[in-house]
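Worksheet for the structure shown next.
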Amino acid sequence: MNRRELRYSNARPAMPTSGDLERAGRLREVMETLYEVNKKTPVIVEGKKDALALRDLGLIGDIITLHRGSNIYEFCEDIAERFNKVVILLDWDDKGESLNRILNAHLKGLWEGYSGFRELFKILCQKGIKDIEGIPKLLRKLEGNETARQQG
């Protein structure tokens, strides 16, 4: 075992600060509310990793991935025909912001009641992450359950 492996084999989770724990608690509260909404309302995410992250966080309802072969206009038509309400939960990087604007315009009337979820995630994740798939890892880190070996 080399020095690096030895260092990581003894790694312990970092002790979370009270601010970290408070932020993690707020993230969990948002997730609990999203969990309840998702029982009846589908959540739209960008890709498979985002969907897996939400499953990892406990969501059990419909999670629809945007990138599944059809163009964005066909996707929006299909969603508008099938659902009365949706939660749009796209990443908040440049690509996600652009896609979010397009979906918002094409799905007018379906998403507005749930727009707060994305905004709360953006605020609570701060500069740590800019995507849905990073939320489970961020939560583990904030709660002190992420060791140096798990990070990265």
Side-chain angles (χ1 to χ4, degrees), residues 8 11-68 70-73 75-80 82-152:
Y8 288 126
R12 297 193 198 292
M15 290 299 295
T17 66
S18 60
D20 289 344
L21 292 173
E22 182 180 338
R23 201 165 124 210
R26 289 183 180 180
L27 273 167
R28 293 262 181 218
E29 288 172 11
V30 173
M31 283 307 306
E32 287 173 24
T33 305
L34 181 59
Y35 171 85
E36 292 302 320
V37 168
N38 181 237
K39 287 179 180 179
K40 296 179 182 175
T41 306
V43 175
I44 298 173
V45 296
E46 283 184 57
K48 290 179 185 177
K49 290 181 181 179
D50 297 321
L52 290 172
L54 293 179
R55 293 284 182 224
D56 184 40
L57 291 166
L59 266 61
I60 58 172
D62 288 335
I63 299 174
I64 302 167
T65 56
L66 178 60
H67 299 303
R68 57 179 197 184
S70 60
N71 72 44
I72 200 159
Y73 305 104
F75 176 85
C76 290
E77 269 185 31
D78 178 55
I79 294 297
R82 293 175 41 209
F83 303 103
N84 295 324
K85 298 285 178 196
V86 294
V87 176
I88 299 175
L89 200 53
L90 304 184
D91 297 344
W92 43 97
D93 57 6
D94 290 341
K95 179 182 175 187
E97 292 292 348
S98 176
L99 289 170
N100 193 61
R101 281 190 295 278
I102 294 168
L103 259 60
N104 289 349
H106 290 286
L107 296 175
K108 236 182 203 355
L110 301 181
W111 62 272
E112 291 85 353
Y114 301 117
S115 63
F117 284 111
R118 186 170 182 268
E119 294 309 310
L120 284 169
F121 282 123
K122 283 171 67 172
I123 292 166
L124 292 170
C125 292
Q126 298 173 356
K127 294 180 183 179
I129 59 169
K130 290 185 177 250
D131 52 38
I132 301 303
E133 72 181 76
I135 294 174
K137 183 177 176 178
L138 176 64
L139 266 171
R140 288 191 303 269
K141 181 180 173 188
L142 291 172
E143 294 171 338
N145 297 322
E146 186 83 0
T147 64
R149 174 172 237 157
Q150 292 169 313
Q151 296 174 2

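Quick caveat, the model's predicted, so the values are computed rather than measured.
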If you round to the nearest 0.5 Å, how far is OG1 of Thr17 from CG of Leu142? 8.0 Å
Using the side chain to side chain donor-acceptor pair (under 3.5 Å) rule, collect all pairs that involve residues 97-108, keeping only residues at least two apart or in two chains. Glu97-Arg118, Glu97-Lys122
Rounded at 0.5 Å granularity, tell me how far CG in Leu99 sits from CZ in Phe75. 10.0 Å
Just wondering, do Asp91 and Lys130 contact through their side chains at under 4.5 Å, heavy atoms? no
Are any non-hydrogen side-chain atoms of Leu107 and Ile44 less than 4.5 angstrom apart? yes
Approximate separation, where rounding is to 0.5 Å, of Asp20 CG and Met15 CE: 11.0 Å
Hey, does Leu66 have a side-chain heavy atom less than 4.5 Å from the side chain of Ile72? yes
Do Leu54 and Leu89 touch side chain to side chain, with heavy atoms closer than 4.5 Å? yes
Summary of ring pair (Phe, Tyr, Trp, His ring centres under 6.0 Å) pairs that have at least one residue in residues 112-137, sequence neighbours excluded: none
Value for CD1 (Ile135) from CE (Met31), rounded to nearest 0.5 Å, stands at 7.0 Å
What distance separates Glu46 CD from Ile132 CD1, expressed to the nearest 0.5 Å? 8.5 Å
Assess the residue pair Leu57 and Leu34 against the criterion (side-chain contact (heavy atoms from CB on, under 4.5 Å)); give the C-alpha distance rounded to whole Å, side-chain angles, the decisive distance to 0.1 Å, and a yes or no. CA-CA 10 Å; Leu57 291 166; Leu34 181 59; over 6 Å; no
Can any side-chain N or O of Asp62 pair as donor or acceptor with the backbone N or O of Asn38 at less than 3.5 Å? no
Show your reasoning for whether side-chain contact (heavy atoms from CB on, under 4.5 Å) applies to Leu110 and Phe83. CA-CA 8 Å; Leu110 301 181; Phe83 303 103; 5.7 Å; no
Any donor-acceptor pair under 3.5 Å from Trp92 side chain to Ile129 backbone: yes
Using only atom types and a distance under 3.5 Å, with no angle test, would you say the side chain of Arg140 pairs donor to acceptor with the backbone of Gly144? no
With sequence neighbours excluded, give me every side chain to side chain donor-acceptor pair (under 3.5 Å) pair touching residues 21-30. Glu22-Arg26, Arg23-Gln126, Arg28-Glu143
Could you check if a side-chain atom of Cys125 sits within less than 4.5 angstrom of a side-chain atom of Leu27, using non-hydrogen atoms only? yes
